[in-house]
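Some notes on the structure that comes next.
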Amino acid sequence: MVVSGYFSPLWSGCESQPQFWTKFQVWEWLQQVLDMHQMDTSNFPFQNFNVDGHQLCNLSHQDYVCAAGSVGSILFQRVTELKWGGAFSFELRQKISFTLHTPSHSDTWVHNAQQYKKRYLNSDRGLSQDLVWYSNCCKSKIYDPLNNSPGPSPTSIPSEKSTMQQYRCSYVKKHNQRGTHLWEFIRDILLNPERNPGLIKWEDRTEGVFRFLKSEAVAQLWGKKKNNSSMTYEKLSRAMRYYYKREILERVDGRRLVYKFGRNARGWRESEK
DNA sequence: TATTGATTTCCTGATT
DNA sequence: CAATCAGGAAATCAAT
């Protein structure tokens, strides 16, 4: 990858570009992905991944499956996402940098590019946020780094527009809202007994029936997550009742503070863990 | 900027 | 009586 002259060192974040990882970073990443999927890392064949980032990127899907079984598919998918994301970030950074260092652009242009650069550098929220940010950037119609319009574009940079946009959509959909819904929040409390100081309890584990033990405490916790200090069980329960129609929850009548996961609730069964 | 989905807020009335 | 449950209606908020 060739870095242009006006490409500031500040802009090169290698951590999102697996091509440049060391072996150590590869293992760190493996650990991270396994953790993220709540998989047991003690039996994971790390030795099968005794490669640096460049080699990692050149492995085929088949290689991943041979090295790690079914988990390999996930790893392959992840690294592919990163490769695209890294390329995307690289291109975006380069184009903004180009704008900032080309005197022929109007003040407005330079100002906008500076704002974008500032926001980009201040962002520690990860790739998905970068993509949301990018999306807004394009919508503003002031600067569209992938469309070359109305902004400038170094001709040496290949356009990967369709791939990028496709990627952007799928990535944002899959990763931008994880764990933000109430029912997922409740489920996760249930699934993490070590972090659940008697707040909610399974009544029937296999049927997905559970009961609130400390209703107001759960509401407070939910409020904390949503940055809403005035959350109450009264209001939380209204949201829970809306889940009946969507079949995320099923009615359990006659029993106070008792709910049951419905057919549209995922990830609560023991077999799914 | 408008739309939309997911709550949040409020409320009246019924149950436990 | 206090705490919950049931929903309708409207407001809010964030992602798109």
Side-chain angles (χ1 to χ4, degrees), chain A residues 81 84-85 88-89 92 108 112 115-116 119-120 122-147 149-150 161-191 198-204 207-268:
Chain A
E81 287 172 359
W84 288 355
F88 155 74
S89 294
L92 179 56
T108 310
N112 285 329
Q115 288 301 309
Y116 292 139
R119 289 187 57 179
Y120 185 88
N122 286 339
S123 169
D124 60 354
R125 290 171 296 180
L127 185 57
S128 65
Q129 283 302 312
D130 289 348
L131 291 167
V132 168
W133 167 77
Y134 155 72
S135 150
N136 288 331
C137 163
C138 292
K139 268 188 307 190
S140 74
K141 295 195 171 71
I142 296 169
Y143 187 78
D144 185 343
L146 298 188
N147 248 341
S149 165
K161 186 183 169 188
S162 61
T163 310
M164 297 289 186
Q165 289 189 337
Q166 226 177 336
Y167 166 65
R168 190 187 88 210
C169 291
S170 65
Y171 192 98
V172 170
K173 266 184 192 151
K174 264 187 296 182
H175 299 281
N176 203 32
Q177 335 186 301
R178 83 188 135 194
T180 57
H181 294 146
L182 174 58
W183 72 269
E184 295 170 309
F185 171 77
I186 298 298
R187 176 199 64 191
D188 294 343
I189 289 178
L190 244 7
L191 261 35
L199 297 177
I200 315 176
K201 176 193 169 191
W202 286 112
E203 287 278 292
D204 187 326
E207 288 296 307
V209 181
F210 58 92
R211 179 160 54 98
F212 282 71
L213 299 177
K214 299 176 183 173
S215 54
E216 289 303 334
V218 175
Q220 285 300 305
L221 209 56
W222 172 238
K224 192 179 168 189
K225 183 169 181 92
K226 295 291 288 291
N227 196 25
N228 175 356
S229 57
S230 63
M231 181 50 62
T232 63
Y233 177 71
E234 185 71 33
K235 290 186 279 196
L236 183 153
S237 65
R238 181 68 189 93
M240 294 288 276
R241 291 194 289 275
Y242 270 125
Y243 284 144
Y244 294 143
K245 191 165 276 184
R246 296 167 59 195
E247 297 192 89
I248 286 171
L249 292 178
E250 280 177 36
R251 271 217 179 67
V252 177
D253 33 43
R255 307 187 57 195
R256 296 179 141 210
L257 302 173
V258 176
Y259 298 85
K260 176 180 179 177
F261 285 122
R263 72 175 71 179
N264 293 327
R266 292 291 162 75
W268 60 269

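Computed from heavy atoms alone, side chains included, the values below leave out hydrogens, waters and symmetry copies. Every chain is numbered from 1 and lettered A, B, ... according to where its sequence line falls, protein lines coming before strand lines.
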Calculate the interatomic distance between [X] atom [atom1] and [N] atom [atom2]; express it in whole Å.
X	N	atom1	atom2	value
A:Asn227	B:dT8	CG	C1'	14 Å
A:Ile248	B:dG5	CD1	P	13 Å
A:Glu234	C:dT4	CD	C1'	7 Å
A:Trp183	B:dT7	CH2	P	10 Å
A:Leu249	C:dC5	CG	C1'	14 Å
A:Lys214	C:dA3	NZ	C1'	18 Å
A:Asn228	B:dT9	CG	C1'	10 Å
A:His181	C:dC13	NE2	P	17 Å

| message | For A:Ser230 and A:Gly254, find the nucleotide of DNA chain B closest to each by heavy atoms; which residue's nucleotide sits nearer the 5' end? | response |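 It is A:Ser230, whose closest nucleotide lies nearer the 5' terminus.
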| remark: Taking B:dT7, B:dT9, C:dT4 as options, the one with an atom nearest any side-chain atom of A:Lys226 is B:dT7
| field | Nucleotide of B:dA6, B:dT16, B:dC11 approaching A:Arg256 most closely (side-chain heavy atoms) | value |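 Closest of the options to the side chain of A:Arg256: B:dT16.
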| query | For residues 257-267 of chain A, which residue pairs qualify under side chain to side chain donor-acceptor pair (under 3.5 Å), counting only residues two or more places apart or in two chains? | reply | A:Glu207-A:Lys260, A:Tyr233-A:Tyr259, A:Glu247-A:Arg263
| request: Any chance you could measure A:Glu234, atom CD, to A:Glu216, atom CD, to the nearest 0.5 Å? | output: 8.5 Å
| Pairwise distance CD(A:Glu184) to CG(A:Leu191) - rounded to 0.5 angstrom | 11.5 Å
| task | Could you list by number each residue of residues 235-246 of chain A showing a heavy-atom separation from DNA chain B of less than 4.0 Å, or answer none if no residue does? | result |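 Result for residues 235-246 of chain A: A:Lys235, A:Arg238, A:Ala239, A:Tyr242, A:Tyr243, A:Arg246, sorted by number.
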| N or O in side chain of A:Trp222 less than 4.0 angstrom from B:dT8 OP1/OP2 |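 Checking B:dT8 against A:Trp222, a side-chain N or O does come within under 4.0 Å of OP1 or OP2.
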| task | Measure up the A:Trp268 and A:Phe261 rings against each other and bin them: parallel (under 30°), tilted (30 to 60°), perpendicular (over 60°). | result |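 The rings of A:Trp268 and A:Phe261 lie parallel, inter-plane angle below 30°.
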Looking only at non-hydrogen atoms, find the nearest pair between [X] and [Y] and report the distance.
X	Y	answer
A:Leu182	A:Met240	CD2-SD, 3.8 Å
A:Ser215	A:Leu257	CB-CD2, 4.0 Å
A:Leu236	A:Ala219	CD1-CA, 3.7 Å

| Does any N or O in the side chain of A:Gln220 come within less than 3.5 Å of the main-chain N or O of A:Met231, such that one atom is a donor and the other an acceptor? |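 It does hold such a pair.
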| said: Are A:Thr232 and A:Trp222 packed together at the side-chain level, in the sense that at least one heavy-atom pair is separated by less than 4.5 angstrom? | reply: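 A side-chain contact is absent here, since even the closest heavy-atom pair is not under 4.5 Å.
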| Watson-Crick or G-U pairs under 3.5 Å in DNA chain C, rendered as dot-bracket with [ ] for crossing pairs and | for another strand | .|||||||||||||||
